[in-house]
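Down below is the structure, laid out as structure tokens.
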Amino acid sequence: MPARVLPVDDALPRIGSGQCRRDQDLTAEELRRLLALAADVKRSPGRYRKALDGKYVTLLFEKPSLRTRLTFELAVKQLGGDCVVSIGPIAEREPVMDVARNLARWTQGIVARVFLQQTVDDLAHFGQVPVVNALSDLYHPCQAFADLQTLWERFGDPAGRKVVFVGDGNNVAHSLMLNCARLGVHMTVATPQGYEPNQNIFEEARLEGEKTGARIAHAYDAAAAVDGADAVYTDVWASMGQEKEAEERRRVFAPYQVNEALMARAKAGALFMHCLPAKRGQETVHEVMESAGSVIYDQAENRLHAQKALLLMLLGA
Ligand code: CP
Ligand code: NVA
């Protein structure tokens, strides 16, 4: 099936805020342009081979990563730039403020995976160079961009489609909600009690949805929520940093497993989505991950293309 993509102009679009500390740093129009550019980058990677010529990017990782780290390294290099990588706590030996000001003297951009959202905000504030959030306690925008690109490839314009996120109201759920809302995609987050999405972020997404016609909702009943879904999304029950709660969460989240019975409540041919890494037998099962509707590796591939588009919009010549 040929991918249906958005048109793209010749000039590189820009992000007015100059930042991607969180999803809200991009306007709805900039998000559309990013997705259009990501589709073009995927189709014609050779067009962008030199766009980051002479540019260096610092990648900081306080937490483990496979997809994000490798796709950012590849993205920068395939765009003609280069990167340096630092793994470990960012502010162990000196405050973030000083780290940021050092990095900004050597490299033109920072990509950071952190525990606290405040760390990303401080890097941007003190560094005065574009900062990309590569996952924080509150957001995972790069994941959401790749997810929306994946939905667009499958459905064309996904406005009016229904995505149901089942599990923990976490960073991945937050970013997906904010971006679905801005594109007019309905989204329900189904969680156990006590694991609802952050109230402020939920409210922000809900209000954004009022402008575009997207219904942003929360539910406790996963099976009812999944009724009529075009895509069902899940993520690990215990995020990085919550390892001590893993056992308790396995008990609480057991009724929220995305298995074949739950998928049967969705529309026929519904997509199964997961940001990965996944724990087979917990939040989902092997059969669903390997099913015909599973787009998990498309999502992973699109991390590369969506992040290239983001880097082009922030740093490209
Ligand atoms: N989905 C995602 O961010 O994967 P990594 O943790 O491997 O980077
Ligand atoms: N919610 C997960 C996402 C991993 C990509 C975490 O923060 O660990």
Side-chain angles (χ1 to χ4, degrees), residues 20 22-23 38 57 59-76 83 85-88 111-120 132-151 163 165-179 187 189-192 195-198 201-202 231-250 252-253 256-258 272-280 282-284 289 294-308 310-311:
C20 182
R22 58 189 76 205
D23 308 87
V57 177
L59 310 185
L60 301 175
F61 282 82
E62 287 190 325
K63 294 173 177 174
S65 169
L66 174 74
R67 280 148 290 273
T68 308
R69 182 180 150 195
L70 296 182
T71 52
F72 265 112
E73 283 203 47
L74 286 164
V76 172
C83 51
V85 187
S86 170
I87 298 168
V111 173
R113 166 166 288 193
V114 300
F115 285 93
L116 302 174
Q117 176 60 30
Q118 190 62 49
T119 305
V120 176
V132 174
N133 182 336
L135 182 148
S136 67
D137 53 349
L138 286 181
Y139 304 102
H140 196 1
C142 298
Q143 182 65 52
F145 301 152
D147 297 340
L148 264 306
Q149 184 179 358
T150 306
L151 288 171
V163 175
F165 182 100
V166 180
D168 187 20
N170 64 13
N171 43 11
V172 170
H174 291 158
S175 285
L176 194 61
M177 240 167 26
L178 290 164
N179 288 288
M187 181 166 163
V189 183
T191 74
Y195 297 90
E196 298 85 355
N198 173 292
I201 297 174
F202 179 80
V232 181
Y233 199 124
T234 191
D235 182 15
V236 289
W237 291 338
S239 284
M240 290 180 277
Q242 298 171 333
E243 289 78 8
K244 284 200 183 111
E245 298 170 35
E247 207 180 304
E248 163 74 356
R249 283 171 175 259
R250 278 182 79 151
V252 174
F253 282 92
Y256 291 80
Q257 183 183 70
V258 179
F272 170 70
M273 304 182 78
H274 195 308
C275 56
L276 304 178
K279 290 211 186 306
R280 290 170 198 238
Q282 293 191 29
E283 75 273 9
T284 189
M289 290 181 71
S294 172
V295 291
I296 56 180
Y297 304 112
D298 291 341
Q299 293 172 260
E301 178 185 340
N302 286 337
R303 294 294 303 275
L304 176 67
H305 310 302
Q307 287 162 198
K308 278 186 178 174
L310 180 62
L311 291 168

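Every number for a ligand or one of its atoms is a count from 1 in the order of the listing. The basis for the numbers below is simple: all heavy atoms, side chains too, and nothing from hydrogens, waters or symmetry mates.
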Problem - ligand 2: protein residues within heavy-atom distance under 4.0 Å - result: Leu135, Asn170, Asn171, Val172, Asp235, Val236, Ser239, Met240, Leu276
Handout entry: Residues which pass ring pair (Phe, Tyr, Trp, His ring centres under 6.0 Å) with Tyr195, listed by chain and number, not counting sequence neighbours
Key = Phe253
Exercise for the section: Output all residues satisfying ring pair (Phe, Tyr, Trp, His ring centres under 6.0 Å) with Phe145, sequence neighbours left out; order by chain, then residue number. Expected result: none
[X] and its side-chain hydrogen bond (donor to acceptor under 3.5 Å, both in side chains) partner, picked from [options]:
X      : options                : value
Asn133 : Arg22, Arg113, Gln117  : Gln117
Glu283 : Arg250, His274, Arg249 : His274
Glu301 : His305, Arg303, Gln299 : His305

Handout entry: Trace of the side chain to side chain contact (heavy atoms under 4.5 Å, CB included) decision for Asn171 with Leu138
Key = CA-CA 5 Å; Asn171 43 11; Leu138 286 181; 5.8 Å; no
Practice task
Output, in order, the C-alpha distance, side-chain angles, deciding distance and verdict of side chain to side chain contact (heavy atoms under 4.5 Å, CB included) for Val85 and Arg69.
Solution key: CA-CA 9 Å; Val85 187; Arg69 182 180 150 195; 3.9 Å; yes
Practice task
Find out whether Val166 and Tyr256 are in side-chain contact, i.e. whether some heavy atom of one side chain is under 4.5 Å from a heavy atom of the other.
Solution key: yes
Fill in the blank from the handout: Chain-and-number sorted residues having a heavy-atom contact under 4.0 Å with ligand 1 are Ser65, Leu66, Arg67, Thr68, Arg113, His140, Gln143, Cys275, Leu276, Arg303
Exercise for the section: Verify the distance criterion only: is there a donor paired with an acceptor across the side chains of Asp147 and Thr150 at less than 3.5 Å? Expected result: no
